[in-house]
Visitor: 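Mind having a look at this structure? Questions to follow.
If you're wondering where the values come from, they're calculated on a predicted model, not measured in any experiment. Quick note: residue numbers are just sequence positions, from 1.
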Amino acid sequence: MNTASTNTPLTNTNLIQDRNKLSKMYQHYVDMKDKYPHALLLYRVGDFFETFFQDAVTVSTELELVLTSKHGGDVGRVAMTGVPHHAWERYTTQLVEKGYAVVICDQVEDSADAVGLVKREVTRILTPGTVLEEAMLKASRNNYLVAVVITGNHWGLSYSDISTGEFLTTQGSDLEHLTQELMRLQPAEVLFPTNAPDLGALLRPGETSPSLPQCLPPTFCYSLRSQVPFSQAEARSKLLETFKLKSLEGLGCEGLTLAIRAAGGLLEYIEDTQKVNQIPLQTLRTYTITDYLILDYQSRRNLEITQTVRDGTFHGSLLWALDRTSTAMGSRALRRWLLQPLLDIKGIKARQDTIEELVENTSLRQDLRVLFKQIYDLERLTTRAGSGTANARDLLALADSFERLPQLSQIVENANSPFLRTLQKVPPILEELAEKLHSHIVESPPIHLKEGGLIRPGINPTLDDRKATVEADQQWIANLEIDEKSKTGISNLKVGFNKTFGYYISIPRSKADQVPAHYIRKQTLTNEERYITPDLKEREARILTARDDLNQIEYDIFVELRDEVGRNAEVIRQTSRAVAAADVLCGLAELAVKQGYTRPEMLTTREINVVDGRHPVVEQSLPSGFFVPNSTELGNLSNNNKSPDLVILTGPNASGKSCYLRQVGLIQLMAQIGSFVPAKSAKLGVCDRIFTRVGAVDDLATGQSTFMVEMNETANILNHATAKSLVLLDEIGRGTATFDGLSIAWAVAEYLAVEIKSRTIFATHYHELNELASMINNVANYQVTVRELAEEIIFLHQVQPGGADKSYGIEAGRLAGLPTVVINRAKQVMAQIEKHSKIAIGLREGFED
């Protein structure tokens, strides 16, 4: 094919039979593209980052940019689109958010100094899990990069947020746990080693590959990597080298083969993508999933912990209801706490003690909240400094934050609770850094680092001398216009400057006969002539040379300041973690005061005793005082009132059963992150897991019906729940025929009460299940009550002992707006069914047998 003969711009490099027919620049571009076939290559050309061939088509489509073309040599025109170099972050942010990897190939020498083709190198590889730029990150949540290694049913997982430096690893022997851990982390990108042909591909969400095992959810971006860095020898060597260790024992992962392999492979990927930037990660920490209360994905979804079920929004979630933090660090920490509640009562009480002190000391709480608002995102600013990407304003933000720490220490000097005591001592190096940064960097520095104007006078004698010389020459030029007007008598003579010609003297063409003989004509325009003089040219050369030297000196001073911050990254991060935790607890204390929350008593027993509990989210969504509180008693059979293991909860549709279920789960969850809870009082035994099955929808992606989804979730609960678990079930068995559904619901409830003995609330419309309470000692009946009037019912939203014998479904239909004729006909049909049906009698007789 003769590509040069067509007017259509070339998009496919495979059509180029002889690459020597490309111009030199395009030859280099294609060579670079060959190294990153699965990424979009942004190639710096002057003031633009340009993309060519198929990448240009993709970028123009995704960013809605004009697709044009450029002459590419003997091959003809090449498809091209570009973005301004100063706005590359804005455009690459959109591409990364869409799941693309972006390679930045920048000019690494000045075009004025280049001999032949300007030297270009890859300086960054941006993938969803490896971004550092502020515009690409959400302040209130972590951006996790995860690496996974799977051998049979065993797995290793390591994750890092390179923007904050977090780095952890774990391993397990149940692939279901791996799936749930990935769903908890919600990673931006997952690394998976494979020897498949599509090696190196970045699979966007929803894209699949035979290389990926089924236990890896398709909702994430997957980078398929070589097996080599994930081998035991390579991974171990990488960890030892990175952390300058002789053994992994100090990291707690010695012997955890798969965890080590995942962590080492992740480190190699970070190094590979960052190129010129070295990310200062925290020392690797090993953790175990069973160290925390386990919440599977379905339970997190049903409890609406970080987003709502209906539309996936933050507003209306538990995190929305609880987040009163003042810093980005605190907001991220609260999210992590909610997704990893504690099992350790000592740790829970330490958080409770801090909240209690802040609740009781109003001035302390308010002073802290005011000060926290003045502290910037220390975690991410420190990483940018350590990786060499921070600008001068970032360093000043750090300095401003460091200056608040002594004030913080003074505010909490008399505090007794553990999380406040950690703030009482400020690392001296941070105070020294604050003073040094403020004394060196000007008050309002420019964003760009190589254009000068960064460093204060008095810091560097050479810098000050050069500045004085430049200022003197600039003053000479400033006076030149006045002097030359006086000497020549040309009143409209002007001295100007542009980047192309430098300084010049402008004289109207009508005055050309008055130009002095020593003026040298530089440029002729329509209405003016431009000149230079030997003195002006000399001053210009001196200014430009001195300015370049000045800018380099200032840049070198700034880089040393930035490196010094990076060298103290671990100290800063320790402080940031302490501030973040205190911020979370201060926000929870503020919430407890505003909403009337109480401190729960945490027990080693199985008891759950909540007096007048309230749903933390629904309560905030209603006018004050409108929410109806309800109590809960579970798991204490020694109680004279018989606090059961399993409650059968009946009541009408729309009466609040689902709200009550979620309320119990959220109160338990809040207690195990150390928070106070919405109740008059609460005694709570620690749970190892919270299971919820509240509502279900068809899973169209896998072709599963509502009933199959319901059965899958129920099977997961029955296979993993223990006597220490809290199980919250809503309407088991309703997705199939009445007999089948009732039979399954009965068997599930019986199994939970008799075999597992988990603390369970089982909401149902099958009133026949109330019979279980008379047959099994640890089962009790409760109902959501209503008041019946002649033509309507009033929902009281009160949970009381006893079983309901009606569902009031027809009344719920009336409230939903069904036509009156339909409602009346439904009542007639119901009367006939109740008159002739013997289902209830038959079922009861069968159960008694």
Visitor: Using the test side chain to side chain contact (heavy atoms under 4.5 Å, CB included), find all partners of Thr288 that sit at least two apart in sequence or belong to another chain.
Guide: Thr290, Asp291
Visitor: Between the main-chain N or O of Val148 and the side-chain N or O of Trp155, is there a donor-acceptor pair closer than 3.5 Å?
Guide: no
Visitor: Quick one: does Leu772's side chain get under 4.5 Å of Trp746's, heavy atoms only?
Guide: yes
Visitor: Is it true that Glu590 and Arg324 have a side-chain N and a carboxylate O under 4.0 angstrom from each other?
Guide: no
Visitor: Is Arg332 positioned over the aromatic face of Trp337, cation under 6.0 angstrom from the ring centre and no more than 45 degrees off axis?
Guide: no
Visitor: Would you confirm whether Glu768, through its side chain, and Leu742, through its main-chain N or O, come within 3.5 Å as a donor-acceptor pair?
Guide: no
Visitor: Does any part of the side chain of Met670, heavy atoms only, come nearer than 4.5 Å to the side chain of Pro678, both counted from C-beta?
Guide: yes
Visitor: Between Ala745 and Phe762, what is the shortest heavy-atom contact and its length?
Guide: O-CZ, 3.6 Å
Visitor: Does a side chain donor of either Gln672 or Gln668 reach within less than 3.5 Å of an acceptor in the other side chain?
Guide: yes
Visitor: Could you check whether any side-chain N or O of Lys683 sits under 3.5 Å from a backbone N or O of Pro600, counting only pairs where one atom can act as donor and the other as acceptor?
Guide: no
Visitor: Test Glu356 against Arg599 for salt bridge (charged side-chain N to carboxylate O under 4.0 Å, His left out), laying out the working first.
Guide: CA-CA 8 Å; Glu356 185 168 331; Arg599 175 173 179 164; 2.5 Å; yes
Visitor: Using every non-hydrogen atom in the two residues, find where Val727 and Ala721 come nearest and quote the distance to one decimal.
Guide: CG2-CB, 4.2 Å
Visitor: Kindly determine whether Thr604 and Ile345 satisfy side chain to side chain contact (heavy atoms under 4.5 Å, CB included), including the steps that lead there.
Guide: CA-CA 8 Å; Thr604 58; Ile345 291 182; 3.7 Å; yes
Visitor: For the residue pair Tyr159 and Tyr287, does the interplanar ring angle fall in the parallel (under 30°), tilted (30 to 60°) or perpendicular (over 60°) class?
Guide: perpendicular
Visitor: Examine the side chains of Arg336 and Asn142 and answer whether a donor and an acceptor come within less than 3.5 Å of each other.
Guide: yes
Visitor: Can you tell me how far apart CD (Gln352) and CE (Met602) are? Round to the nearest 0.5 Å.
Guide: 6.5 Å
Visitor: Working note: Val754 + Ile776, criterion side chain to side chain contact (heavy atoms under 4.5 Å, CB included); need CA distance, chi angles, decisive distance, verdict.
Guide: CA-CA 8 Å; Val754 177; Ile776 303 174; 3.9 Å; yes
Visitor: Roughly how far apart are Ser173 OG and Leu178 CG, rounded to 0.5 Å?
Guide: 11.5 Å
Visitor: Provide the closest heavy-atom pair for Cys253 versus Thr286 in the form atom of the first, atom of the second, distance.
Guide: CB-OG1, 3.4 Å
Visitor: Just so I know, are the side chains of Val628 and Leu796 near enough to count as touching, which here means a heavy-atom distance under 4.5 Å?
Guide: no
Visitor: Would you compute the distance between atom CD1 of Ile667 and atom OG1 of Thr632 and round it to the nearest 0.5 angstrom?
Guide: 6.5 Å
Visitor: Check whether any side-chain N or O of Glu633 sits under 3.5 Å from a backbone N or O of Asn609 as a donor-acceptor pair, and report yes or no.
Guide: no
Visitor: Check whether any side-chain heavy atom of Leu634 lies under 4.5 Å from a side-chain heavy atom of Ile761, and answer yes or no.
Guide: yes
Visitor: What's the spacing between Ile305 CD1 and Ile690 CD1 if we round to 0.5 Å?
Guide: 7.5 Å
Visitor: Using the rule given for side chain to side chain contact (heavy atoms under 4.5 Å, CB included), can you reason through Leu728 versus Phe691, listing the C-alpha separation, both sets of side-chain angles and the distance that settles it, and then say yes or no?
Guide: CA-CA 6 Å; Leu728 306 169; Phe691 292 98; over 6 Å; no
Visitor: Taking His797's backbone N and O only, do any of them form a donor-acceptor pair with Asn630's side chain (distance below 3.5 Å, no angle check)?
Guide: yes
Visitor: Between Thr313 and Thr308, do the side chains contain a donor N or O and an acceptor N or O under 3.5 Å apart?
Guide: yes
Visitor: Measure from the side-chain N and O atoms of Lys724 to the backbone N and O of Arg689, and report whether any donor-acceptor pair falls under 3.5 Å.
Guide: no
Visitor: Might you work through the salt bridge (charged side-chain N to carboxylate O under 4.0 Å, His left out) test for Arg335 and Asp323, ending with a clear yes or no?
Guide: CA-CA 9 Å; Arg335 175 185 285 268; Asp323 194 351; over 6 Å; no
Visitor: Does the distance from a Lys or Arg side-chain N to an Asp or Glu carboxylate O, for Asp296 and Arg184, drop under 4.0 Å?
Guide: no
Visitor: Taking Ser417's backbone N and O only, do any of them form a donor-acceptor pair with Glu357's side chain (distance below 3.5 Å, no angle check)?
Guide: yes
Visitor: If I take atom CZ from residue Arg606 and atom CG from residue Asn636, how far apart are they, to the nearest 0.5 angstrom?
Guide: 9.0 Å
Visitor: Below 4.5 Å, heavy atoms only, C-beta onward: do Phe676 and Leu588 meet side chain to side chain?
Guide: no
Visitor: Quick one: are Glu750 and Val779 in side-chain contact, heavy atoms under 4.5 Å?
Guide: no
Visitor: Please name all residues satisfying side chain to side chain donor-acceptor pair (under 3.5 Å) with Gln180, sequence neighbours left out, ordered by chain then number.
Guide: Glu176
Visitor: May I ask you to say whether Glu619 pairs ionically with Arg614, meaning some side-chain N is under 4.0 Å from a carboxylate O?
Guide: yes
Visitor: Is it the case that the side chain of Asn778 and the backbone of Ala753 share a donor-acceptor pair, with hydrogens and angles ignored and the cut-off at 3.5 Å?
Guide: yes
Visitor: Are more than 12 heavy atoms, taken from residues, nucleotides or ligands other than Tyr292, located less than 6.0 Å from that residue's OH atom?
Guide: yes
Visitor: Looking only at heavy atoms, what is the nearest atom pair of Pro616 and Leu318, with distance?
Guide: CG-CD1, 3.8 Å
Visitor: State, with a plain yes or no, whether a side-chain heavy atom of Phe220 is found less than 4.5 Å away from one of Gln186.
Guide: yes
Visitor: Examine distances only and state if a side-chain atom of Asn712 and a backbone atom of Met708 form a donor-acceptor pair shorter than 3.5 Å.
Guide: yes
Visitor: About how many Å separate OG1 of Thr650 and CD of Gln783, when rounded to the nearest 0.5 Å?
Guide: 5.5 Å
Visitor: Measure across Asn770 and Gly803 and return the closest heavy-atom pair with its distance rounded to 0.1 Å.
Guide: ND2-CA, 3.6 Å
Visitor: What's the verdict on side chain to side chain contact (heavy atoms under 4.5 Å, CB included) for Val610 and Ser631, showing C-alpha distance, side-chain angles and the deciding distance?
Guide: CA-CA 5 Å; Val610 178; Ser631 300; 5.9 Å; no
Visitor: Would His154 and Gln171 count as having a side-chain donor-acceptor pair, cut-off 3.5 Å?
Guide: no
Visitor: Has the side chain of Thr692 got a donor or acceptor atom that lies under 3.5 Å from a matching backbone atom of Asn302?
Guide: no
Visitor: Strictly below 4.0 Å, N to O, side chains only: are Arg662 and Asp730 in salt-bridge contact?
Guide: no
Visitor: State which residues pass side chain to side chain donor-acceptor pair (under 3.5 Å) with Ser758; sequence neighbours excluded, sorted by chain then number.
Guide: Thr760
Visitor: So which heavy atom on Cys215 is nearest to which on Ile150, and how close?
Guide: SG-CD1, 3.6 Å
Visitor: So do Leu342 and Leu293 actually touch side chain to side chain, heavy atoms under 4.5 Å?
Guide: no
